Each structure stands twice: as C-alpha cells, then as structure tokens.
Participant: 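Can you keep this structure in mind? I'll have questions shortly.
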Amino acid sequence: MKSNVVEGESQPKLSIRIKKTLLSLLFVVTGFVSYAQVEPKAPVPDGTQGEVFREKEADSLEVKKKYEHFNEFENSLTTLRFGGGFLYEFATYSQDDVSKDQVELSPVFKVRDARVTASGKLKTKREITWKVGVMHDGNQKTWYMRETGVMVKFPEISGHIFVGRTKEGYSLSKVKVGYSTWFLERAMAIDIIPILGDGIKYLGFLPKQRINWNIGAYTDWLSEGQSFSKYQWQFASRVAYLPIYTDATKPMMHIGVNYRYGKVKNGELQVRSKPEADPAPYFIDTGKFSVYSSNHVGGEFYYRNGPFLFGSEVNAHMMNSSETGNPIFYGGEAFMAYTINAQTRPYFASTGIFGFVKVKKSVFDGGYGAFEFTLRYSSLDLDDGTLTGGKFWRVTPNVNWYLSDNIRLYFTYGYGVLDRYNQEGVTNFFQSRILFML
C-alpha cells in the first residue's frame, strides 16, 4: 500500500504541521467572525438632530417584544412612532448690589417647553424617513412647527438629504436635540444662531476617512413672522474629523469647524442672550443696529471615553455693519461630564451628534437610576465697535438624575459675572427642572 506520508518526513512532524495549519485557519476564520460581530450597523437617522430609529433585526418573538412599544406602529406604507416631551422648571437668584442695579430678577416657576412629534420610515427600497414636530414655546406662549420634513438616503453621495424645517447645522451643541443636553441650556455663545431654518440640508459621512459633514441653505419664505426668523436667507456648514472612532459607544474624539453666512432681514439685527437661565431676562443686549449680513466661524472639540465626556466650542460672530464699526462678538464654552449607572452616551458618526443617555436600571425597576455630574465655563462678549451690549461669564456645576430613560431631574447652580454699564455685578443662580419625554 502506498503511504500518504512524504518520504523522509515522519508522521509526528506531519501531524504537527497539519495541526498548525488548522489552527492558523481557525484563527483567520474566528478573527473574521469576530470582526463581523463588532462591525457596527449604521443607524437610521430620525431627522437631523441625533435621534435614530430602533431597527428590528429578526422576526423572533423575543426581538419583537424588545422593540414593540405602545407608541410605535407600522403598516404596509410606513412605520410610525409618536413622541413628545414636557419641561417644567424653577429658578431663583441671589444678587449683589451691583447686579441688582443692572438687572431685576425674581423667582419663577414656568413651563419651558411642551412638544409632540411623529416620525416614521417608509417601506421603500431607498431609505426614506419623515418627521413632524409641533412645540409650545413657554416664552412666546404659542405653538409652532419644529423639525418637520423628509430625509432621503443617497449612498451615491455617502449621505442623506433633508428637506423641510430643521436645525441649520452650525454647532454640535446647537444641532443635537434639546432633550438630550447635559445642561439646562445651551451655552450663550450660540444664542446668536437662529434655532431653526426652512430649506435643504445635506449630511454626509465617510467611514474609512472618519469624516462627517453637513451643508444647508435656508430661506424665510415659510418662517417669516416666527421669532427665530432674523435672516432673509442663510448658508450653514459643519465638517468634523474623528481621530478616534470605531462605533457609537467606543472611545471617540471629534474635531469640527463651522461656517455660516446670513443675509439679515430688513437690514437690522438685535444680538442678545439670557444668562443660561430661561426664566431670567436678557443680561447682555446690543439693542437693534444696522447690519447687512453676518459671518460666523466656530470650532468644536469633543472627547468621550466610557462615562467621561469633555467638550469645548468657541465662536466668532462677525457683523457686516459699517455704521457700528463691523463688530465681532466672541464666546465659547468648555465642560466636563461624568455619568454613573448609565450606558455610554452614544455618538452617531453619520450625523456627527451625541444621543441620549440610557439608564442601566431605573428607579421603577428597583434601581437608583443614573447620575450625570457636569461642570461648565461659558462666556459671551457683545462689546465691540460702537456697540456696548455687555460681557457675561458663568461657571455652572450641575447634577442630572435620570430616574429612567424618560424622566429626569436637573439640579443646577451657577455663578455669573455681568460687566455692563461700567459695573461688574455678581449673580448666583439656583435652578431645577423636571423632564418627561416619550
């Protein structure tokens, strides 16, 4: 009988070689399988503000139970999810004598925000999602449309196109949905940017290069008369590079830049900001002045590793106003946040925005919920050219208690200094809020 053993090679040596070969193949195969298991599935954006749809990954009863919720439905045309939210807050203050001369403050309870939303994903070959939002503004005492429109995925251009009413796309902090913020209010330096725009926005992401962007153009033909409509038309853009990124919850670093140009409506603008306390009056205010257009440039830096998050944004707002000396207003923020008993706050690379904190075990399931501890420094200077709108800076420690994914309590202290009318006044802020969302 002819032996299968190569002449001159012993059976044990051949056996060892075969074992090594099999182990090598096993390593390659398991390595490939492991890679496939951790390869993140691209989330389906629910609008441009950082929300995403939950995707059913199987037809098993277990998965259906996991994803079925009383506010989610579907038919042969589209999925449908109802949502909403409610914010109620309190603010009181302690002022020194100079601050009392500068601004009058009193304790306030108020409804900050109430909104209803509906969104869905069409049952089409090309990914198409839609969204409708209506909000009651506690300051304006009126209802108006929030993000409302249609988003279409275009793999051909590595992104999505949104048409309708949406956030302009300037500043990560400004774009992300307000109910997912780590502070009561966004930093005052971006109050100059209108909250919404009516137009078209292109959002893109290149996974290999780890670059995301959004570019939008907007007009006032639908928003004319709205409190946020200050411009006849505007262009806004943002691009970010991710030096560190693998998926939504792994360590990440985001470095971004923003540019915005706007043609001012009626040649007149008023730049002002509240002290990151919505019940309070405006602390710094240029009053109305003549201006043709404005240019805005901003920088972003965010780093998140597990429960730790650091972020910073800086901005320069340049006014094309020869009558007032073409003033430039500077401002920014830097903050740290740390969460306990929560899942990692996700970062969605396709839209370049952070999502919601998810609680590991809510108080309604016998747990303690989750806690988020934050600290921020922020400032805005509205003194330049012939304008003396004032300067304000604030330091804000804050604790957020997530009773569940849908109920949250904020406890905030702020120390602020207002430099205006040749005086520096100190205000201590004591704020709280309860948040409900669906």
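Note that the structure is predicted; figures quoted are calculated from it, not measured.
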Participant: Tell me, please, which residues at least two apart from D384 pass salt bridge (charged side-chain N to carboxylate O under 4.0 Å, His left out).
Facilitator: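 Listed in chain order: nothing, the list is empty.
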Participant: Minimum heavy-atom separation for R81 and V52, please, with both atom names.
Facilitator: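 Taking every non-hydrogen atom into account, NH1-O, 3.6 Å.
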Participant: Are R210 and Y245 in a cation-pi contact, defined as NZ or CZ under 6.0 Å from the six-membered ring centre and within 45° of the axis?
Facilitator: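 Judged by the rule, R210 and Y245 form no cation-pi pair.
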Participant: Residues in side-chain contact (heavy atoms from CB on, under 4.5 Å) with A118, at least two apart?
Facilitator: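 Per chain and number, A118 pairs via side-chain contact (heavy atoms from CB on, under 4.5 Å) with L80, F82, W130.
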Participant: Return yes if a side-chain donor-acceptor contact under 3.5 Å exists between T48 and K167, otherwise no.
Facilitator: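 Checked: T48/K167 side chains show no N/O donor-acceptor pair below 3.5 Å.
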Participant: Only counting residues at least two apart or in another chain, list the ones meeting side-chain contact (heavy atoms from CB on, under 4.5 Å) with T92.
Facilitator: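 Partners of T92 by the side-chain contact (heavy atoms from CB on, under 4.5 Å) criterion, ordered by chain and then number, come out as F90, P107, F430.
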Participant: Under the rule for salt bridge (charged side-chain N to carboxylate O under 4.0 Å, His left out), what residues qualify as partners of K131, not counting sequence neighbours?
Facilitator: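 Here the qualifying residues are E51, E147.
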Participant: For K361, give me all partners under salt bridge (charged side-chain N to carboxylate O under 4.0 Å, His left out), at least two apart in sequence or on another chain.
Facilitator: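 Here no residue qualifies.
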Participant: Find out whether the Lys NZ or Arg CZ of K265 is both under 6.0 angstrom from the six-membered ring centre of Y231 and within 45° of the ring's axis.
Facilitator: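 Checked: cation-pi criterion not met.
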Participant: Side-chain donor-acceptor pairs under 3.5 Å in residues 301-308, sequence neighbours left out?
Facilitator:
residue : atom : partner : partner atom : Å
Y302    : OH   : E313    : OE2          : 2.6
Y303    : OH   : N305    : ND2          : 3.2
R304    : NH1  : A248    : O            : 3.1
R304    : NH1  : R345    : O            : 2.8
R304    : NH2  : T249    : O            : 3.3
R304    : NH2  : K250    : O            : 2.1

Participant: Calculate, to the nearest 0.5 Å, the distance between atoms NZ and CZ belonging to K201 and R165 respectively.
Facilitator: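 Result: 13.5 Å between the selected atoms.
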Participant: Rounded at 0.5 Å granularity, tell me how far CD in E185 sits from CD in E89.
Facilitator: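 Between E185 CD and E89 CD, I get 6.0 Å after rounding to 0.5 Å.
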Participant: Which residue pairs pass the ring-ring contact (aromatic ring centres under 6.0 Å, His included) test when at least one of the two sits in residues 148-175, sequence neighbours left out?
Facilitator: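 Counting only pairs at least two positions apart or across chains, no ring-ring contact (aromatic ring centres under 6.0 Å, His included) contact touches residues 148-175.
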Participant: With sequence neighbours left out, which residue pairs that include part of residues 402-414 fulfil the salt bridge (charged side-chain N to carboxylate O under 4.0 Å, His left out) condition?
Facilitator: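 Every pair satisfying salt bridge (charged side-chain N to carboxylate O under 4.0 Å, His left out) with a residue in residues 402-414: there are none.
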Participant: Side-chain donor-acceptor contacts of residues 331-339 below 3.5 Å, not counting sequence neighbours, with atom names and distances?
Facilitator:
residue : atom : partner : partner atom : Å
E333    : OE1  : R376    : NH1          : 3.3

Participant: Can you name the residues that form a ring-ring contact (aromatic ring centres under 6.0 Å, His included) with Y261, not counting sequence neighbours?
Facilitator: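 Residues passing ring-ring contact (aromatic ring centres under 6.0 Å, His included) with Y261: W233.
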Participant: Calculate, to the nearest 0.5 Å, the distance between atoms OG and CG belonging to S158 and L203 respectively.
Facilitator: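 If we round to the nearest 0.5 Å, S158:OG and L203:CG are 12.5 Å apart.
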Participant: Taking atom CG of D220 and atom CD of Q232, what is their separation to the nearest 0.5 Å?
Facilitator: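 D220 CG to Q232 CD: 6.5 Å, rounded to 0.5 Å.
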Participant: Around Q209, counting heavy atoms of other residues, nucleotides and ligands shown, do more than 12 lie under 6.0 Å from its CD?
Facilitator: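 Yes, because the 6.0 Å sphere around CD of Q209 holds more than 12 heavy atoms from other groups.
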Participant: Restricting to ring-ring contact (aromatic ring centres under 6.0 Å, His included), what partner residues turn up for Y93, sequence neighbours left out?
Facilitator: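 Counting only residues at least two positions away or on another chain, Y93 forms a ring-ring contact (aromatic ring centres under 6.0 Å, His included) with F429.
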Participant: Provide the closest heavy-atom pair for A370 versus W401 in the form atom of the first, atom of the second, distance.
Facilitator: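 Where A370 meets W401 most closely, the heavy atoms are O-CD1, 3.4 Å.
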Participant: Working to the nearest 0.5 angstrom, can you tell me the gap between F73 CZ and T79 OG1?
Facilitator: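 These two atoms lie 11.5 Å from each other.
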Participant: Distance from S293 atom OG to L269 atom CG, nearest 0.5 Å?
Facilitator: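 The OG atom of S293 sits 10.5 Å away from the CG atom of L269.
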Participant: Identify, with sequence neighbours excluded, every residue that meets salt bridge (charged side-chain N to carboxylate O under 4.0 Å, His left out) alongside K360.
Facilitator: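 Counting only residues at least two positions away or on another chain, K360 forms no salt bridge (charged side-chain N to carboxylate O under 4.0 Å, His left out).
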Participant: Are there more than 12 heavy atoms of other residues, nucleotides or ligands under 6.0 Å from atom OH of Y368?
Facilitator: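 Not buried by this count: 12 neighbours or fewer within 6.0 Å.
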